[in-house]
2 protein chains.
Amino acid sequence: MIHTLSEENYLKCIYRLYLDKVRKITPTAIADMLGNNPASVVDMIRKLSDKTLITYDKKKGVELTVIGLKDAALIVRRHRLWEVFLLEKLGYDWDEIHDIAEELEHIKDSTLADRLDKFLGFPEYDPHGDPIPQANGKMAKPYSLTLAELKPSTICRVAAVRDTNSDFLQYLLKLDIGIGTPIKLVEIITFDNSLVISINGKENTTVSQKFGQNILVDDSFSEDA
Amino acid sequence: MIHTLSEENYLKCIYRLYLDKVRKITPTAIADMLGNNPASVVDMIRKLSDKTLITYDKKKGVELTVIGLKDAALIVRRHRLWEVFLLEKLGYDWDEIHDIAEELEHIKDSTLADRLDKFLGFPEYDPHGDPIPQANGKMAKPYSLTLAELKPSTICRVAAVRDTNSDFLQYLLKLDIGIGTPIKLVEIITFDNSLVISINGKENTTVSQKFGQNILVDDSFSEDA
DNA sequence: AAATAAAATTAGCCAAGACTAATTTTATTT
DNA sequence: AAATAAAATTAGTCTTGGCTAATTTTATTT
Ligand SMILES: [Mn+2]
Ligand SMILES: [Mn+2]
Ligand SMILES: [Mn+2]
Ligand SMILES: [Mn+2]
C-alpha cells in the first residue's frame, strides 16, 4: 500500500508523539505539531483509519496499528538515511539537512532505502544522534537523558539533539558542540535553572535551561574512562 | 521562483519537444507526450504563461522564454545527475533509474544539484548517453544519428538511447548492448527495413527498424581507430 | 449541579490539477 | 465554396488536502 505525501507526514507525526510516550494522541496534539487546523486533522484521521494505519477512539485517542507503526518507522528510516547522505557525501552542515530530507523521505522505491543504507555503510545513528530504524521497522531506544537533568559535576558526552531547528543547530556549531562532544555540568543556577557548563574542557559558559533540555546526553562511559 | 511538481513536468515536456525541433508545440502534442487530456494542458499553458516561463500564440504554438528554457534545463540537469547517482553509487540497472529520477528531480534546494555534480565527479553524460546540462543551463548537443539511418557496412558505437522505456532497456541488456558497444550494420532488409547487425564482433542478429531508430550512434571514431 | 471553557466535529468553501462533454475555431477534403 | 475532420477551448465536475465558522461533546471550574 502506498501513501500520499500528506498521509506520510501525518503518520510520521503520530509516530513521533507515540515515541514521546504522549498518553493520549489527540487531534489538537497533531494539529499543534504540524501547524494545521484540527478540522483538517480530523479529516486525515478518517483517511488513515480507513487505510488501517491507525485506530481512533475518543477515549484512547489515536493509536498506530502494527502496519502503521512499521510504515511510520520506514519513513523515519528514509529520512535519517538521507540526512546521513547529505551530510557525509554532499558536505552539508547539520543544520541544513533536515528540510531536504523532509522531501527525500517521500521518494517511492522498494529497494532505495536498503541500497542507500548499504552505500552509507549501515549507519546506526543520523547526524543529530537519532537512531536509524532497520528495514524491519525496529529501532534502538533513542537517548532520553537531557543535560538539564544531570547533577552538578557530572561529565557526559553529547549523544543527540532533541530539536533540529536550524537556529539551535547553528548555535551549537558556534559553541563548538557536536555529537560526541564531552561536557561537564559545573553548576545549576537556582534562580532560573541556567546551566554553567564546560565544553570539551574549555572555560565555563552559561546556557539556558531550555538549551539543556534539548541536548540529550550519555553519562555512562565505557570507552572514555 | 519555485514551481510545483506538475509545472515542472510540463516544462520539461515542452523542453523535450523544443529539443526535438518540433516546428509548432501544440496542446495536443503536449497532451500526447504526458498522457493528459488537452483540456488540462490548456489550463497549464495559462499557468506557465502567467509565470512567464512560456509564451503561447495560436500561430506559433508554445515557446519557452529565456527563464523557462533555463528552468527546464535545470530540471533535466537534476534528473540526469540523480540517474548517474542511482546507477553508479546505488547499483541500480539502467532500466530502473528513470522512474526514480522522475521523483528526485523535483527536490528543491539551491545547492543540491551542484553538490551532487561535484560528488559524482562532474559527469558529462547520464547512463542513457544524454548530455547533462550545466549549472548555467547550457547543454552539449545531444546525439542525433540513429542506427537505422546508417549505410550498410558502417561500424559505429552506441552513443545513447532515445527511449528510456524499461522493456527496451532490458532488451538491450539481454542483447549485451550498452553505451559504447561497437555495432556493425551488416545489411538492411528492404522488405520491412529490418536491420542485420553484428554486436561487438559477434554473430549477426536481426532487429526491427523501430529498434534501430531508438539507438543513437557515433560513427566518427577518433579514439577507437 | 450549573456554568464555563476547551476540544472535537460538522458543514461549507477554496485552490490545484486532473477529467468529460459540449462548443468553437482552424484545417483538410471533396 | 461547402462539407467534414481535427484541434482548441470552455464549462462544469471530481479528488486531495487545506481552511473558517458553527455546533456539539467533553472537561473543568465555580
Ligand atoms: Mn516530509
Ligand atoms: Mn535527524
Ligand atoms: Mn518528474
Ligand atoms: Mn536518462
Side-chain angles (χ1 to χ4, degrees), chain A residues 1-15 17 20 22-64 68 71-72 75 102-103 105-108, chain B residues 1-15 17 20 22-63 68 71-72 75 99 102-103 105-108:
Chain A
M1 192 53 164
I2 57 154
H3 312 309
T4 67
L5 189 140
S6 274
E7 286 169 349
E8 289 193 343
N9 284 337
Y10 272 97
L11 204 52
K12 200 158 57 103
C13 166
I14 293 163
Y15 181 62
L17 292 168
D20 284 352
V22 171
R23 15 25 281 198
K24 189 180 167 189
I25 300 175
T26 61
T28 22
I30 296 169
D32 286 351
M33 194 162 200
L34 293 177
N36 282 353
N37 190 290
S40 311
V41 175
V42 169
D43 279 350
M44 186 56 86
I45 284 175
R46 205 159 291 130
K47 284 175 200 159
L48 296 179
S49 299
D50 289 350
K51 294 181 88 169
T52 65
L53 296 170
I54 61 172
T55 59
Y56 180 51
D57 180 272
K58 262 170 280 240
K59 310 277 174 188
K60 295 183 178 179
V62 172
E63 288 180 348
L64 289 164
D71 286 0
I75 301 163
E102 201 59 47
E103 297 185 46
E105 71 190 1
H106 304 291
I107 302 294
K108 260 100 195 148
Chain B
M1 192 52 166
I2 57 151
H3 312 309
T4 66
L5 188 140
S6 275
E7 286 169 349
E8 288 193 343
N9 284 337
Y10 272 97
L11 204 53
K12 200 159 57 104
C13 166
I14 293 163
Y15 181 63
L17 292 167
D20 283 353
V22 171
R23 3 62 253 201
K24 188 179 167 190
I25 299 174
T26 60
T28 21
I30 297 170
D32 286 351
M33 193 161 201
L34 293 176
N36 281 352
N37 191 289
S40 311
V41 175
V42 170
D43 280 349
M44 186 55 87
I45 284 175
R46 205 160 290 131
K47 284 176 201 158
L48 296 179
S49 300
D50 289 350
K51 293 181 88 169
T52 66
L53 296 171
I54 61 172
T55 58
Y56 180 53
D57 180 270
K58 262 168 283 236
K59 310 277 175 189
K60 297 183 177 178
V62 172
E63 288 180 348
D71 285 359
I75 300 163
D99 291 349
E102 202 60 48
E103 296 184 47
E105 70 190 2
H106 304 292
I107 302 293
K108 260 96 196 155

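Lettering follows sequence order; numbering is per chain, from 1. Below, all heavy atoms of this structure are taken into account, side chains as well, without hydrogens, waters or symmetry copies.
Taking 4.5 Å as the limit, every side-chain heavy atom of A:M1 sits out of range of all side-chain heavy atoms of A:D71. Side-chain contact between B:I14 and B:L48 is present, with at least one heavy-atom pair separated by less than 4.5 Å.
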### Task
Classify every nucleotide of nucleotides 10-25 of chain D by which part a protein heavy atom approaches to under 4.0 Å, writing B for the base, S for the sugar-phosphate alone and - for neither, in 5'-to-3' order.
B------BSBB-----
In residues 29-41 of chain A, what donor-acceptor pairs under 3.5 Å come from side-chain atoms, sequence neighbours left out?
from, atom 1, to, atom 2, distance (Å)
A:N36, ND2, A:Y10, OH, 2.9
A:N37, OD1, A:A39, N, 2.9

Using distance only, find each side-chain donor-acceptor pair of residues 54-64 of chain A under 3.5 Å and give its atom names and separation, not counting sequence neighbours.
from, atom 1, to, atom 2, distance (Å)
A:D57, OD1, A:K59, N, 2.9
A:D57, OD1, A:K60, N, 3.1

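Taken to the nearest 0.5 Å, the CD1 atom of B:I25 stands 10.0 Å off from the CZ atom of B:R23. B:T4 OG1 to B:N9 CG: the interatomic distance, rounded to the nearest 0.5 Å, is 8.5 Å.
Here the P atom of nucleotide D:dA6 and the NZ atom of B:K24 are 17 Å apart, to the nearest Å. Atom NZ in A:K60 sits roughly 19 Å away from atom C1' in D:dT26 (whole-Å rounding). Atom CG of B:N9 and atom P of C:dA16 are 17 Å apart (whole Å).
Not counting sequence neighbours, A:T52 has no partner by the side chain to side chain donor-acceptor pair (under 3.5 Å) test.
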## Note on the structure
Output field dot_bracket for DNA chain D (Watson-Crick or G-U, both distances under 3.5 Å, | for other-strand pairs) contains ||||||||||||||||||||||||||||||
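Within the structure, salt bridge (Lys or Arg N to Asp or Glu O under 4.0 Å) contacts touching residues 3-15 of chain A (residues at least two apart or in different chains) are A:E7-A:K51, A:E8-A:R78, A:E8-A:K108, A:K12-A:E102, A:K12-A:E105.
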